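On a predicted model such as this, the values are computed, not experimentally measured, just so you know. Heavy atoms only: backbone and side chains are in, while hydrogens, waters and symmetry mates are out.
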Amino acid sequence: MSGLVDSATAVMRASSARVDRAAVNVANVSTPGFKRQLQSSDQVNGDFAATLSRLRVDMQAGKLVETGRPLDLAINGSGFFQLKAGDKLVYSRQGNFSLASDGRVITPQGYTLQQAGGGDLVLDAGVAKIAADGTILDGDKPLGQIAVYSIREGASATPLDGSLFTLADDDAEAIATPSLRQGAVEASNVSLGDEMISMMGALRGAETGAKLVQVYDDLMGKAISTFGQVGR
């Protein structure tokens, strides 16, 4: 009988996790470069709790949206911007950059865009023209190139959230000739319709779990009543 309660608990916890993921997605529907978060369906060594904690990310590209801002950058095709976050390197397709007071090109979180070959991208002369291959130009003079990386075949990025990822050093491969669009950003790939469907499915799952618990309570009540009558 306890198996029924365990099943009900598992169903309700899975439903709760799906609602949480959908809520995060909806909250980031307008975040540039955000990738839809999905609940993992692959069980981890039979450990349901570990399975729930696993995050999958839909890496499908979002639409490119023209903004006209010179430091907004979108990647055509595959690839990630390399960012310096403290003493770590992280990767993202979130291309809405701005200029810090010291000239560093930074994300809204304060992470610094990296140059090809390494090092912070600093624009001493302010905003410059950025060519499609990531070369930064002051007139006709090249000042550097923006680092864009791909994931080595057979490897995968580890999500930190829906827009930031980590890669093992050996899994990040520099793209020599990337394809960038200045004055545009990649929109979130979240669809509100898909999230509403996911939430509705999760709520139905929670209702199923609650009904299982109710069935268990009814059966236990009948069993207790029957044993009480027999004992008289």
Side-chain angles (χ1 to χ4, degrees), residues 28-35 57 59-153 155-190:
N28 286 279
V29 69
S30 60
T31 301
F34 184 86
K35 300 304 175 190
V57 176
M59 295 302 294
Q60 182 177 352
K63 294 180 180 179
L64 300 191
V65 179
E66 297 288 343
T67 66
R69 296 182 66 248
L71 283 179
D72 281 349
L73 299 171
I75 299 173
N76 287 305
S78 61
F80 296 87
F81 297 111
Q82 187 182 66
L83 310 171
K84 187 71 172 294
D87 59 351
K88 297 180 180 179
L89 291 173
V90 296
Y91 298 84
S92 179
R93 289 177 67 88
Q94 184 178 8
N96 52 327
F97 299 104
S98 61
L99 207 60
S101 59
D102 58 1
R104 289 179 301 116
V105 179
I106 60 173
T107 68
Q109 301 93 334
Y111 305 147
T112 307
L113 182 62
Q114 297 297 286
Q115 298 188 71
D120 296 348
L121 177 58
V122 179
L123 299 180
D124 294 326
V127 178
K129 177 177 174 56
I130 300 173
D133 66 354
T135 300
I136 302 154
L137 299 169
D138 181 7
D140 294 329
K141 178 183 177 183
L143 302 177
Q145 185 179 21
I146 293 169
V148 179
Y149 283 79
S150 64
I151 304 173
R152 179 180 56 79
E153 184 176 356
S156 60
T158 301
L160 298 175
D161 57 28
S163 59
L164 285 176
F165 303 85
T166 59
L167 288 170
D169 291 342
D170 294 340
D171 292 342
E173 296 182 339
I175 299 176
T177 310
S179 177
L180 302 182
R181 185 185 297 183
Q182 187 177 20
V185 294
E186 179 183 336
S188 166
N189 68 354
V190 172

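Annotation: side chain of Val190 is not in contact with side chain of Asn28 (no heavy-atom distance under 4.5 Å). A 4.5 Å side-chain heavy-atom check between Pro178 and Ile146 finds every atom pair outside the cut-off. Put simply, the side chain of Leu89 does not reach to within 4.5 Å of the side chain of Leu83, judged on heavy atoms.
Nearest heavy atom pair, residue Gln94 against residue Ser163, reads OE1-OG, 3.6 Å. Pairing each heavy atom of Ile75 with each of Ser78, the nearest pair is CG2-O, 3.6 Å. Pro142 and Thr135 make their closest contact through CB-CG2, 3.9 Å (heavy atoms, listed as atom of the first residue, atom of the second, distance). Shortest non-hydrogen contact noted between Ile151 and Ala157 is CD1-CB, 3.8 Å.
Residue Leu71 holds its CG atom at 12.5 Å from OG1 of Thr107, rounded to the nearest 0.5 Å. The distance from the CG atom of Leu113 to the CZ atom of Phe97 is 4.5 Å, given to the nearest 0.5 Å. Residue Leu99 holds its CG atom at 6.0 Å from CG of Leu123, rounded to the nearest 0.5 Å. Separating the CZ atom in Arg69 from the OG atom in Ser98 is a distance of 7.0 Å, to the nearest 0.5 Å. One distance of note links CG of Leu164 with OG1 of Thr158; it measures 12.5 Å at 0.5 Å rounding. In this structure, CD1 on Ile106 lies 14.5 Å from NZ on Lys84, to the nearest 0.5 angstrom.
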Open item on the list: Between Val122 and Asp102, is the side-chain contact (heavy atoms from CB on, under 4.5 Å) condition met? List the steps.
Closed with: CA-CA 8 Å; Val122 179; Asp102 58 1; over 6 Å; no
Task: Stepwise side-chain contact (heavy atoms from CB on, under 4.5 Å) check, Leu121 with Ile136 - done: CA-CA 10 Å; Leu121 177 58; Ile136 302 154; 3.1 Å; yes
Task: Leu137 vs Leu143, side-chain contact (heavy atoms from CB on, under 4.5 Å): CA-CA, chis, key distance, verdict - done: CA-CA 6 Å; Leu137 299 169; Leu143 302 177; over 6 Å; no
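For Gln182 (side chain) and Ile130 (main-chain N/O), a donor-acceptor pair under 3.5 Å exists by modelled atom type. Between the side chain of Asp72 and the main chain of Thr67, no donor-acceptor pair closer than 3.5 Å is present. A donor-acceptor contact shorter than 3.5 Å links the side chain of Gln145 to the backbone of Asp133. Remark: the backbone N or O of Gly79 is paired with a side-chain donor or acceptor of Arg93 at under 3.5 angstrom.
Sorted by first then second residue, the ring-ring contact (aromatic ring centres under 6.0 Å, His included) pairs that include residues 158-182, not counting sequence neighbours, are Phe80-Phe165.
Side chain to side chain, Asp120 and Thr112 fail the donor-acceptor criterion of an N or O pair below 3.5 Å.
Note on Glu186 versus Lys35: salt bridge recorded, some NZ/NE/NH1/NH2 to OD/OE distance being below 4.0 Å.
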